[in-house]
Every structure is written in structure tokens, then in C-alpha cells.
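Heads up: the structure comes next, in C-alpha cells.
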Amino acid sequence: MQAFLALVDISDESALAWQERALCAQTDPEAFFPEKGGSTREAKRVCQSCEVRAECLEYALANDERFGIWGGLSERERRKLRRRAV
Ligand code: SF4
């Protein structure tokens, strides 16, 4: 969650309500923003059990988040998803 707070506009409280239930808030935020080529496995594993995964992914797609794991998907996977949706 700390990682999120650094990236999002915290003035928009309704858009952030789901983040109060973000499972990654209880884990190492660095796992969600690995170095280039670093492992995303641990972050994705956490996302699998997260109850706000759909909201998280939706937020990342809507805000064109370029870095990190959001909703269980990497930046590259989100790009692919976006291309399929067009
Ligand atoms: S889906 Fe993953 S990145 Fe999104 S809030 Fe849940 S744990 Fe965090």
C-alpha cells in the first residue's frame, strides 16, 4: 500500500476506497515494483488472494499505470490486455 500511496492522487478518496483492503499493504511493497528482469512471482501470488484484485486492475488500466504489479498483472501483461480490449 505504501507503494500505491506514492503513486496515486490521495485526494480522490472514493477512487482509493478499495485500497484499504489491499492485501499488498500487509506485505513488502518492493515485491510489487521489482527491478527490470526481477521476479514478479511473489507479488502475483499475493494478488491471487486479494479481495480487491478486480478493482486494483481496473484502476491501473484506467490510470495507465506503467510500473509494477497491479491486480496480479505485470506492466507487459496489462499492455497485452489493453490491446485485446481495443
Ligand atoms: S491485487 Fe495485488 S496489487 Fe492490487 S491491491 Fe491486491 S495485492 Fe495489491
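Note that the structure is a prediction, hence the values are computed from the model and not measured. When a ligand or atom number is given, it counts from 1 through the structure's own listing order.
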Practice task
Check Thr40 against Pro34 and note the closest heavy-atom contact, atom names and distance.
Solution key: CG2-CG, 3.8 Å

Exercise for the section: Before accepting this row, confirm whether a basic side-chain N of the pair Asp64/Arg82 lies closer than 4.0 Å to the acidic partner's carboxylate O. Expected result: yes

Practice task
Under 4.0 Å, heavy atoms only, figure out whether ligand 1 is touched by the backbone of Ile69, its side chain, both or neither.
Solution key: backbone

Practice task
Please identify which atoms of ligand 1 are closer than 4.0 Å to at least one heavy atom of Ala22.
Solution key: 5 (S)

Exercise for the section: Could you check whether the rings of Trp70 and Tyr59 sit parallel, tilted or perpendicular, using 30° and 60° as the cut-offs? Expected result: parallel

Exercise for the section: Kindly write out the residues that satisfy side-chain contact (heavy atoms from CB on, under 4.5 Å) with Arg76, not counting sequence neighbours, or none if the list is empty. Expected result: Ser74, Arg79

Handout entry: Which of the ligand 1 atoms, numbered from 1, are nearer than 4.0 Å to a heavy atom of Phe32
Key = 2 (Fe), 3 (S)

Handout entry: Proximity winner for atom 7 (S) of ligand 1, if only heavy atoms of Ser49, Gly72, Ala31, Cys24 are counted
Key = Cys24

Practice task
Give the numbers and elements of all ligand 1 atoms closer than 4.0 Å to a heavy atom of Gly71.
Solution key: 1 (S), 3 (S), 4 (Fe)

Fill in the blank from the handout: So the atoms of ligand 1 within less than 4.0 Å of a heavy atom of Cys50 turn out to be 1 (S), 5 (S), 6 (Fe), 7 (S)

Handout entry: Atom CD of Glu75: over 12 foreign heavy atoms under 6.0 Å
Key = yes

